[in-house]
Amino acid sequence: MNLDIDIYDPRMRDLVLHSADLVLVHTGMLWTEGPVYFPAGDYFLWSDIPTNRLYQWMTDSEVRVFRYDSDNTNGNTRDHQGRLVSCRHLSRSVVRLEHDGSETVLANAFEGKRLNAPNDVVVSTDGSVWFTDPTYGIMSNFEGQRAEPEQPICRVYRVANGEITAVVESLQKPNGLAFSANESTLYVADSARSHDENGHHHLFACTRSGATLSAPKPIFEIEHGVPDGLRVDEFGHIWCSSARGIEVLDADGTHLGCVKTPEPVANLEFGGPKGNRLLITASRSVYSLYVAVSGARFTAN
């Protein structure tokens, strides 16, 4: 299908390919999320949270079910050893899939109480794992299992050497997150307005110093829907999901443009051999799109 782009800043023209088509990869799912790319096999994985499945797409090939019982997995990433790290709603945990097929639980509790429902996850170059823990996966049985939260607030956590620490405690519903290319900034989406009309619908920036983060600073307000998943490209631009597509921002939050999609976007991932192919998880469907830049992790790793 033809590409539909809103341009608010001339720099946006250099980030997209106006001759590229938005390609439907797969449809008929319930709520797609958590796209992640594995260069070793040139394939993407993503979650369909309500149907409890992970899907795999080897680029330009057929889509297949990668896992039928995903524990209502939401966000996924890969670590620097090429292992899958997932946020699982049903078990309220962050789990790493080892190369031999075994699983390692990285986090499932904080201060003796169960986590809410880990949502999105990134791994920094020092090997530490950073994840968000809103309550979406325990608010109903649709994306997990209804339960009362044991944690008094929704936090961002860091896991390193088997120890879990809270690094952000001031957001309402921290959701998607991504590091800048040099990992000096962690961007965090707060999607609280999805269930509270007065809640946050903003993208926040936290300055990182080793294992700690500064207080979140709002840099952009999503007008259409709420921010969810996000990625950073090789030049530091932020690509953030919204109800109308992908909002593209400069690192300071300047709105450059929007790549529109037929369905609200939950998340996205840069992939392909050159890191310039977006996989877009959008409600019931998944789309792909070639762009004019590569993802930051393809140049940093």
Side-chain angles (χ1 to χ4, degrees), residues 33-34 47 49-50 52 54 67 69-79 81 83-98 101-124 126-179 186-192 194-196 199-200 204 206-216 228-229:
E33 252 285 9
S47 308
I49 306 173
N52 201 27
L54 288 178
R67 180 167 183 164
D69 182 3
S70 72
D71 216 15
N72 293 124
T73 287
N74 187 338
N76 299 285
T77 193
R78 71 174 194 275
D79 69 8
Q81 287 74 50
R83 296 172 294 189
L84 175 67
V85 180
S86 300
C87 291
R88 298 183 174 182
H89 281 181
L90 194 61
S91 59
R92 297 157 73 167
S93 61
V94 180
V95 179
R96 184 177 66 217
L97 180 63
E98 307 295 348
S102 62
E103 296 182 346
T104 300
V105 177
L106 302 178
N108 60 11
F110 179 66
E111 296 183 340
K113 298 178 181 179
R114 295 186 73 186
L115 296 173
N116 295 318
N119 188 288
D120 204 1
V121 58
V122 292
V123 179
S124 56
D126 63 4
S128 56
V129 176
W130 309 65
F131 69 94
T132 56
D133 187 42
T135 54
Y136 294 122
I138 57 173
M139 294 175 72
S140 74
N141 293 327
F142 187 62
E143 294 187 13
Q145 186 171 356
R146 183 184 291 108
E148 289 297 319
E150 298 181 22
Q151 298 296 333
I153 57 176
C154 301
R155 303 181 177 95
V156 180
Y157 295 98
R158 178 181 183 265
V159 181
N161 301 316
E163 181 180 356
I164 178 172
T165 56
V167 290
V168 176
E169 299 188 291
S170 59
L171 297 180
Q172 296 172 352
K173 287 285 190 292
N175 197 321
L177 70 175
F179 276 112
L186 181 67
Y187 299 105
V188 185
D190 191 330
S191 56
S194 63
H195 290 74
D196 176 1
H200 288 163
F204 290 83
C206 306
T207 301
R208 179 191 176 197
S209 178
T212 63
L213 299 174
S214 69
D228 196 334

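Being a predicted model, the structure only gives us computed values, none of them experimental.
In this structure, Ala166 and Tyr157 approach most closely via the heavy-atom pair CA-CD2, 3.8 Å. Listed here is the closest heavy atom pair of Ile138 and Pro149: CD1-CA, 3.8 Å. The shortest heavy-atom contact between Leu177 and Val121 is CD2-N, 3.7 Å. Nearest heavy atom pair, residue Ser47 against residue Leu54, reads OG-CD2, 3.3 Å. Between Pro216 and Val168, the shortest heavy-atom distance links the atoms CG-CG1, 3.6 Å. Among all heavy-atom pairs drawn from Leu90 and Gly144, the shortest one is CD1-C, 4.0 Å.
Residues Val94 and Val159 fail the side-chain proximity criterion, which asks for heavy atoms closer than 4.5 Å. Side-chain contact between Arg146 and Asn141 is present, with heavy atoms from C-beta onward closer than 4.5 Å. In this structure, the side chains of Leu106 and Phe131 stay at 4.5 Å or more apart for every pair of heavy atoms. Contact check for Thr165 versus Val167: side-chain heavy atoms found under the 4.5 Å cut-off. Residues Val122 and Tyr187 fail the side-chain proximity criterion, which asks for heavy atoms closer than 4.5 Å.
Here the CG-CG distance, from Leu213 to Leu186, works out to 5.5 Å after rounding to the nearest 0.5 Å. His200 contributes atom NE2, which lies 13.5 Å from atom CG of Asn175 (distance to the nearest 0.5 angstrom). Taken from OG in Ser191 to CD in Gln172, the straight-line distance is 10.0 Å, to the nearest 0.5 Å. Annotation: the span from Trp130 atom CH2 to Ser124 atom OG amounts to 6.0 Å, rounded to 0.5 Å.
Ring geometry for His195 versus Tyr136: interplanar angle of 30 to 60°, hence tilted.
Residue pairs meeting the salt bridge (Lys or Arg N to Asp or Glu O under 4.0 Å) criterion with at least one member in residues 154-165, sequence neighbours excluded, are Asp126-Arg158, Arg155-Glu169. Residue pairs meeting the salt bridge (Lys or Arg N to Asp or Glu O under 4.0 Å) criterion with at least one member in residues 115-124: none, sequence neighbours excluded. Judged as a side-chain hydrogen bond (donor to acceptor under 3.5 Å, both in side chains), the pairs with a partner in residues 105-116 (not counting sequence neighbours) are, in order, Asn116-Asp133. Listed by first then second residue, pairs satisfying side-chain hydrogen bond (donor to acceptor under 3.5 Å, both in side chains) with a partner in residues 85-97 read Asp71-Ser91, Asn74-His89, Asn76-Ser86, Arg88-Glu103, Ser91-Ser93, Arg96-Glu98, not counting sequence neighbours.
A distance-only check finds a donor-acceptor pair linking the side chain of Thr212 to the backbone of Ser209 [under 3.5 Å]. Judged purely by atom type and a 3.5 angstrom limit, Glu33 has no side-chain atom pairing as donor or acceptor with the backbone of Ile49.
The side-chain hydrogen bond (donor to acceptor under 3.5 Å, both in side chains) check on Asn72 picks up nothing, with sequence neighbours excluded. Residues meeting the salt bridge (charged side-chain N to carboxylate O under 4.0 Å, His left out) test with Asp196, sequence neighbours left out: none.
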